[in-house]
Every structure is written in structure tokens, then in C-alpha cells.
*Asks:* 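Following this message is one structure expressed as C-alpha cells.
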Amino acid sequence: MGDVDGAQATFDRALQIARETGLPKEEADWHKGKGTTLVGLGRYDAALHEYAAAGQVYERSGLQRELVEALNDTGRLYELLGDGVAADMQFQRALQLAQKIGNGSGESTSLLALGDLERRRKNNDAADTYFGRALERARGVGDEEGTAAALVQRAMNELDRKHYGPALQSASEATQIAEHSGNRPAISLSRYVLGEVRRSQAELQQALDQYSAAAALQKQLRDPELGWRILYGRGQTLEALGKSDDAIGAYKDAIHIIEETRSQISEERYRAGYIEYRYQVYVALVELLLKLGKPYDAFFYSEKLRARAYFDQLGPSASVVNDAGAQQRIRELGEQIRSLRRAIQKEYSLPGKERRGQAVELYSAELERAERDYQELLDNSRNSAPDSRAHPWTIAAATEIQRLLPRDTALIEYVVGKQAVSVLVITPTLVIGLPVLITSESLSSRTELLRDLIMEQSPEWVQPARGLRRFLVDPLQAAGYLGKIHQLVIVPDGVLNYVPFAALPTGSDRFLGDDFTVAYLPSAAALARGPGTGSGRALLAMAPSDAHLPNATAEVRSIGQMFPRGSRVVVGKAATKTLFKRVAADYDYLHLATHGSLNRNVPSLSALELEPDDQNDGRLELHEIVGMKLHARLVTLSACETALGKGYFTETPAGDEFVGLTRAFLNAGGHNVLASLWAVNDESTRVLMVRFYQHLLESGPAEALARAQRELRHSDARYRDPYYWASFVMVGPTN
């Protein structure tokens with residue numbers, strides 16, 4: 001009925017009665033109901049707690065029908081928080097259980113949820129199959145709410161495929177069912193979808209009417225998810241009508257709702273995931289502001305989008321876990337994870353493919369659960385600290401960034417939209433912005449093709465590299481914005497984090513890295529950070545033997561010889577995680593010649609491979625790096641392997657491992673981080689690193705890298721191919 005305050009008050013009273021009268025099943029029901037009310041209000045942390053309380057009772061009591069509902073509700077919440085992997089696990093389990101016990105309504109809800117996940121992944125045909133099955137099940141059991149929900153989802157899927165007639169038909173039918181039943185949340189949602197259909201058909205006034213009808217109900221419902229979507233659709237419609245000021249107001253109101261909701265999410269991984277599906281509002285506002293000739297305002301919202309994630313990681317949420325009980329549980333889960341990893345490795349070494357496959361599947365499922373429990377425990381422990389909330393941060397204005405830039409430096413910030421890339425350029429004397437027409441799908445496929453061809457050492461890499469240069473750099477040079485510029489600071493977005501800008505060809509055997517010194521930043525706000533201070537000791541260089549890199553020992557010893565005072569070179573079994581964590585804060589330069597491993601399910605458990613000892617397993621995990629207090633001028637990850645599998649850019653949000661790892665060291669106190677965009681060659685890396693440190697003694701890190709890369713490809717014909725030198729990029733200020 002839309003009375004959310006009445007619902008919440010009733011659930012609280014029911015919970016009290018259930019506790020007083022000792023009715024655990026009813027208490028669990030009211031926890032679940034209250035959780036759903038809290039989700040509708042955008043209070044996602046509290047909702048997770050309520051769902052967990054209900055699910056535990058249902059599990060213990062064998063209440064399978066109720067458990068199906070709790071799994072579906074929890075999965076939906078994970079989806080809202082951007083954790084598609086966890087959501088998929090919940091929905092799949094709910095579907096299997098619903099089918100087992102013959103729960104048609106639960107099965108319909110699970111199918112609908114799985115279809116929505118497929119739609120988000122742009123697998124529209126698979127999504128349509130799920131929606132069709134969900135609709136059939138809902139109608140079969142007379143579930144009006146489920147039927148309306150399935151029709152709404154099918155309408156959105158048809159809209160994605162530009163099938164406007166079927167979309168309108170499904171949305172209209174959903175509206176009729178919702179209005180007949182008096183379900184106000186369903187009415188508001190279906191009206192919003194009708195607005196989306198009308199807008200897509202350029203029936204703009206009718207679209208505004210539908211958005212207004214949805215918004216009138218939304219004021220009572222106070223659902224932030226629907227609220228920002230209505231405002232975003234309204235903004236797009238007003239923009240199409242030429243009412244730019246009104247459109248800007250709608251976009252800003254949508255962003256206000258998004259950020260207000262996000263500020264109440266305590267866990268960093270969920271704050272990042274939450275923004276992942278809502279970034280398009282920022283993109284639309286940046287594009288409109290550039291169109292109106294307002295680059296300063298456009299830059300502000302571009303920074304607002306990316307700086308939030310950057311600052312969240314800098315906040316106190318990375319504080320040390322002080323609770324002894326939590327530390328003990330973390331150690332226990334860590335040991336369980338290590339045991340499961342060893343068991344999986346052992347199974348792969350045994351004969352018998354079928355038996356091995358079954359065991360690996362079982363161990364892998366257990367490992368995934370243990371890793372998620374580990375992550376949740378870390379988050380809960382950190383968030384229980386008194387200072388665990390992120391502090392408010394001020395977004396730097398373009399004028400402030402101008403003052404921080406050297407006179408020969410340009411900062412180029414990219415914002416990737418669905419149909420265009422917005423390019424913002426800041427130099428000490430100008431702030432401009434321009435759109436470049438290229439779809440995000442084309443950008444992703446071009447980048448993936450370029451990386452694949454480079455790693456295959458195919459000469460055909462040149463063509464996609466030239467294409468990317470024409471879109472990303474040529475418009476700036478043609479307009480004369482880079483005329484007196486010698487250094488480029490690239491602030492990439494999404495898939496552009498994986499473009500080796502320095503290797504983009506500008507002529508015959510000439511590259512962008514020959515014309516400019518290139519560095520990267522996660523956000524322009526990072527320019528405001530001062531350099532690392534160190535404590536007088538120059539270099540800590542480590543090369544563990546477990547990395548199996550034949551040239552790593554020679555590499556770190558050669559580099560160590562360049563720092564005769566205060567350097568420490570540690571190789572083989574002595575290069576332990578325990579040692580690194582104990583002494584790393586004492587050095588100005590940290591050099592790690594080792595591999596990295598990506599955990600896609602739980603990114604904060606991605607790790608650098610150091611040596612184990614009786615205190616640690618040797619995996620320096622990303623969350624541990626963030627919690628360190630470094631003072632390093634430079635952190636070098638000379639063999640950090642971030643090789644990505646085929647199809648990576650369509651399956652996983654760009655930036656998870658390379659961006660996560662580099663930012664972890666930046667946030668821990670490193671001023672610059674040198675890392676690789678793909679798996680590197682061991683021998684060429686040794687040569688490149690020695691040359692890099694030779695130049696580092698007399699120039700800044702970005703310039704030292706540029707010189708070393710030029711020398712490597714010119715001095716040895718074996719290493720002319722960009723596979724050998726273009727992988728390494730400098731993340732951090734150029735000074």
C-alpha cells in the first residue's frame with residue numbers, strides 16, 4: 001500500500017512479540033519483512049543484517065519454502081550493491097530448492113532474478129528465456145505480483161533490444177495488473193518503465209507524464225533506487241526537449257540520491273559496487289555540461305564520480321583489526337582457505353579426470369564460501385571501529401588542479417559513456433572538454449584486440465593501436481591543446497585503464513611515449529598528495545624463489561648495487577611476507593620481483609606472492625597492503641602478472657586487479673607505483689628495470705621509465721616489439 005513507516009513500525013512490534021513469546025520462525029519472518037522494507041528505503045547495511053538473521057533460522061529449522069524467499073531477497077540486495085557473483089549464487093540456490101520442493105512462486109522469483117542478471121550482462125536472449133519461464137510460473141500459480149514483475153523485466157529487456165512494440169505491450173499489461181491489485185510500488189515501477197518506453201520512441205511529453213505519475217508515488221515510497229532512475233529518465237527526456245537547465249537539475253537530484261544512499265553503506269566493496277551500476281547519471285551530466293560549454297563543471301562531476309572510490313580507500317575503513325576474537329577467526333578462516341587451495345592443487349596433480357573434476361568442484365565451492373566469509377569478517381571487524389565511517393572529502397576544482405600542474409604538463413581525464421567518450425584536458429593555462437564519438441562496446445573490443453595481439457607478438461597490433469590513438473589523442477593534438485606539452489598525466493576510465501598509451505604509434509617506429517612522458521592517475525585529486533618521505537634507507541628489493549623467475553635474483557642484485565647506502569636485497573626463501581610487512585615502511589624505494597594473483601570473486605583477497613614462513617603463508621593480500629603505513633617514493637612491481645583471460649572486458653568491470661593493486665600501494669603511502677598491464681617477459685624485464693633505476697637517479701620516475709623503454713627497444717632488436725616494453729606504466733604524479 002506504500003505505507004513504509006507503518007510497515008516498519010508493525011514489523012518492529014511483531015519482532016518484539018515474537019521474541020517475548022519464543023516464536024523463532026515468526027521472528028525470522030519479521031526480520032525478513034523488515035529487511036525488505038529497509039531495502040526499499042535504501043538502508044542496505046541494516047537490511048543485510050535482517051536477512052542474515054532470518055536466513056540462519058530458516059536454515060537451522062529446515063524451513064525450505066521460507067529459505068527460498070530469504071535467498072531470493074538476499075540475492076536481490078547483493079545485486080543492488082553490485083555484487084553480481086554473490087547474487088547469482090543466492091538465486092541459483094533458491095531456484096534449485098524451489099524446484100525441489102515444488103514452490104512455483106519461489107521458482108518464478110528466482111528465474112526473474114537470474115534473468116535480470118543476464119540482462120545486466122547484456123545477454124538479452126538468455127534473459128528473455130528466464131523472463132518467459134518466470135512469467136509462465138507466476139501465471140500458473142496465480143501470482144499477480146510475480147506476473148507484473150516478470151512483465152516489467154521483459155519490457156526492459158525488449159527495450160534494450162529496441163523492440164518498442166513488445167516493450168510497450170508488456171509494460172502496459174504490468175501497469176494494469178499492478179493498478180488492479182493496488183500494489184503501489186509495482187504501479188510506480190511499471191509507470192517508470194512506461195516512461196522509458198515512451199522516451200525511447202521519442203514520445204517525450206508522454207514520457208514526462210509517466211515519470212511524473214511514478215514520481216508522485218515515489219514521494220510516498222521513498223525508494224532511492226526507483227527515485228534516481230525516475231530522475232535520470234526525466235533528465236534524458238528534458239535534455240531531448242532542449243530544456244538543458246531542467247535536465248541538469250534532474251541529473252543533479254539523481255546524483256544526490258545516489259550519493260546519499262551510498263554514504264550509508266559501510267563496506268568499501270559495496271560502496272564501489274553500488275556506484276558501478278549508477279555511473280551513467282554522472283556520464284550524462286558530464287556530457288551535457290560539455291555540450292553547453294561548461295568544462296569546469298563537467299570536470300567537477302567527472303572527479304566526483306571517480307574520486308569517491310579513490311577517497312573511500314584512503315579512509316579509515318582500512319584500519320587494523322584490533323578485536324582478539326575477530327583476529328582468531330580471521331586466522332582460522334585463512335588456514336581453511338590455504339588448506340582448500342592446497343587440496344585443489346593436489347587434485348590437479350592426480351590421475352583420473354572425472355574423479356578429479358568432482359573433487360575440484362567440491363573444494364572450489366567450499367573455497368568460495370570461505371573466501372566470502374573471510375571478506376565479510378574483515379569488513380565487519382573494520383566497520384565496528386569507532387572511526388570506520390569514511391570522512392567527507394572535498395572534490396578538487398579544475399582551478400586547483402591547474403595550480404598543481406607543471407607548466408609543460410597536461411592532465412587528460414576520460415569519461416566513457418555508451419555512445420561517446422568525454423575528454424577533459426587541463427593545463428596550467430586552459431580547461432577544455434570535448435566529446436569523441438565511439439561506443440563503449442567498440443572501445444572495449446578494440447582494447448581487448450590490441451592487448452591480445454601484443455601478447456601474441458603479432459605485427460597486426462599496429463592497426464587497433466592507431467585506431468585508439470585517433471580517437472583518444474588525435475582530436476586534442478588537432479585542436480592544438482598539446483602544442484607546448486611534454487608530459488601527459490592520463491586519468492583513465494573503465495577499460496581505458498588497460499590501454500598502453502605510451503605504445504600508441506604516431507609514425508614509423510615512433511610512439512606517443514617518444515613525444516610525451518606518460519603517467520597515470522586514478523583521480524586528479526591524487527595530485528594533491530605529497531611525495532613519500534621515507535626514513536633515510538634507500539631500497540628494499542625482494543625476489544622470492546616461489547615466483548619461479550630465473551632472472552629475478554640477478555635483477556634485484558643489480559638494482560641493489562645502484563643504492564650502496566641503506567639498501568637491502570633479499571632473495572629466495574628469505575623474501576617472506578613477514579619481513580616485508582615488518583620493514584617496508586623504512587624504505588624510500590620498494591622493489592618486488594614477483595607475481596600477483598587475482599581473486600575475481602573477492603578482489604580484496606588478490607595477492608602478491610612472497611615466501612611463506614611459520615608466521616604467514618606468503619600471500620600479501622590487497623586488504624593487507626591497504627592497511628600498511630608506507631613512506632615510499634616508489635613501489636615497483638616488476639613481475640606483477642595481471643594477464644586477463646579472453647572475454648575479460650565483457651565479463652568483469654575493468655580495473656579490478658591492475659587498478660586495485662596499484663591503488664592499494666598508493667593508498668598505503670606509495671607516491672608512485674610502477675606496474676605491468678600484462679604478463680611480462682622475465683629477461684627483458686631485468687634489462688628494462690636496470691635501465692629504469694639508472695635513469696631514476698637523475699630524473700623523475702615517469703621520465704626514467706620513458707627513457708628506459710626507448711633504450712630497450714632501440715638497443716636490442718629482440719625487444720623492439722611492444723610486448724617487451726609497453727606493459728609497464730607509472731601510476732602517480734610525474735614529479
*Asks:* So do the side chains of Arg446 and Phe471 get within less than 4.5 Å of each other, counting heavy atoms only?
*Replies:* yes
*Asks:* Classify the ring geometry of Trp725 against Phe511: parallel below 30°, tilted from 30° to 60°, perpendicular beyond 60°.
*Replies:* perpendicular
*Asks:* Cut-off 3.5 Å, side chains only: do Thr399 and Arg403 have a donor facing an acceptor?
*Replies:* no
*Asks:* Suppose we screen for side chain to side chain contact (heavy atoms under 4.5 Å, CB included). Which residues come up paired with Ser699, at least two apart in sequence or across chains?
*Replies:* His695, Glu703, Ala704, Arg707
*Asks:* Taking all heavy atoms of Ala524 and all of Ile401, pick out the closest pair and write down the distance.
*Replies:* O-CD1, 3.5 Å
*Asks:* Is any side-chain heavy atom of Leu434 closer than 4.5 Å to one of Leu476?
*Replies:* yes
*Asks:* Do Thr636 and Tyr693 have a side chain donor and acceptor closer than 3.5 Å?
*Replies:* yes
*Asks:* Could you check whether any side-chain heavy atom of Glu303 comes within less than 4.5 Å of a side-chain heavy atom of Ser523, counting everything from C-beta outward?
*Replies:* yes
*Asks:* Are any of the side-chain nitrogens in Glu225 or Arg278 under 4.0 Å away from the carboxylate oxygens of its partner?
*Replies:* yes
*Asks:* Working to the nearest 0.5 angstrom, can you tell me the gap between Arg633 CZ and Leu696 CG?
*Replies:* 10.0 Å
*Asks:* Give me the one residue out of Val499, Val436, Leu468 that meets side chain to side chain contact (heavy atoms under 4.5 Å, CB included) with Leu443.
*Replies:* Leu468
*Asks:* Which side-chain N or O atoms in residues 420-431 pair as donor and acceptor under 3.5 Å with protein atoms at least two apart or in another chain?
*Replies:*
from: Thr427; atom 1: OG1; to: Thr429; atom 2: N; distance (Å): 3.2
from: Thr427; atom 1: OG1; to: Thr429; atom 2: OG1; distance (Å): 3.3
from: Thr427; atom 1: OG1; to: Leu430; atom 2: N; distance (Å): 3.1

*Asks:* For the residue pair Phe692 and Leu634, establish whether any side-chain heavy-atom pair is separated by less than 4.5 Å.
*Replies:* yes
*Asks:* Which value, rounded to the nearest 0.5 Å, describes the distance between Thr594 atom OG1 and Leu637 atom CG?
*Replies:* 9.5 Å
*Asks:* Set out, in order, the CA-CA distance, both residues' side-chain angles and the distance that settles side chain to side chain donor-acceptor pair (under 3.5 Å) for Ser302 and Glu413, then state yes or no.
*Replies:* CA-CA 8 Å; Ser302 171; Glu413 188 156 302; 2.5 Å; yes
*Asks:* What is the ring orientation for Phe580 with Phe665, classed by angle as parallel under 30°, tilted 30 to 60°, or perpendicular over 60°?
*Replies:* perpendicular
*Asks:* Grab the two heavy atoms, one from Leu630 and one from Ala584, that are nearest each other, plus how far apart they are.
*Replies:* CD2-CB, 3.8 Å
*Asks:* To the nearest 0.5 angstrom, please state how far the CG atom of Leu620 sits from the CE atom of Met542.
*Replies:* 9.5 Å
*Asks:* Does the pair Ile412 and Val491 meet the rule for a side chain to side chain contact (heavy atoms under 4.5 Å, CB included), with working shown?
*Replies:* CA-CA 6 Å; Ile412 305 175; Val491 183; over 6 Å; no
*Asks:* For the residue pair Pro522 and Val731, what are the closest heavy atoms and their distance?
*Replies:* CD-CG1, 4.2 Å
*Asks:* One pair to check against side chain to side chain contact (heavy atoms under 4.5 Å, CB included): Val416 and Val283. What are the steps and the verdict?
*Replies:* CA-CA 7 Å; Val416 178; Val283 173; over 6 Å; no
*Asks:* Restricting to non-hydrogen atoms, name the atom on Gly417 and the atom on Glu287 that form the minimum distance, rounded to 0.1 Å.
*Replies:* CA-OE2, 4.0 Å
*Asks:* Tell me which pairs pass salt bridge (charged side-chain N to carboxylate O under 4.0 Å, His left out) where either residue lies in residues 475-501, with sequence neighbours left out.
*Replies:* none
*Asks:* May I ask you to say whether Glu624 pairs ionically with Arg619, meaning some side-chain N is under 4.0 Å from a carboxylate O?
*Replies:* no
*Asks:* Between Thr439 and Gln419, is any side-chain donor less than 3.5 angstrom from a side-chain acceptor?
*Replies:* no
*Asks:* Kindly indicate, with the supporting measurements, whether the criterion side chain to side chain contact (heavy atoms under 4.5 Å, CB included) is fulfilled by Asp452 and Trp461.
*Replies:* CA-CA 8 Å; Asp452 287 345; Trp461 73 271; over 6 Å; no
*Asks:* Report the relative orientation of the aromatic rings in Tyr44 and Tyr274; use parallel for angles under 30°, tilted for 30 to 60°, perpendicular for over 60°.
*Replies:* tilted
*Asks:* Using a 4.5 Å cut-off on heavy atoms from C-beta on, say whether the side chain of Leu450 contacts that of Tyr498.
*Replies:* no
*Asks:* Using a strict cut-off of less than 4.0 Å between a Lys/Arg side-chain nitrogen and an Asp/Glu carboxylate oxygen, indicate whether Glu79 and Arg120 qualify as a salt bridge.
*Replies:* yes
*Asks:* Give the C-alpha distance, both sets of side-chain angles, the deciding distance and a yes or no for ring pair (Phe, Tyr, Trp, His ring centres under 6.0 Å) between Phe501 and Tyr414.
*Replies:* CA-CA 13 Å; Phe501 277 82; Tyr414 295 94; 5.8 Å; yes
*Asks:* Quick check on the 6.0 Å ring-centre criterion: do Tyr587 and His631 meet it?
*Replies:* no
*Asks:* Tyr296 and Ala398: which non-hydrogen atoms are nearest, and at how many Å?
*Replies:* CD2-CB, 3.7 Å
*Asks:* Rounded at 0.5 Å granularity, tell me how far CG in Leu231 sits from CD in Gln236.
*Replies:* 11.5 Å
*Asks:* Please give me the minimum heavy-atom distance between Leu666 and His671, naming the atom from each residue.
*Replies:* CD2-O, 3.6 Å
*Asks:* Between atom OH of Tyr301 and atom CG of Leu290, what is the distance when rounded to the nearest 0.5 Å?
*Replies:* 13.5 Å
*Asks:* Got a second to check how far Asn497's CG is from Thr447's OG1, nearest 0.5 Å?
*Replies:* 10.5 Å
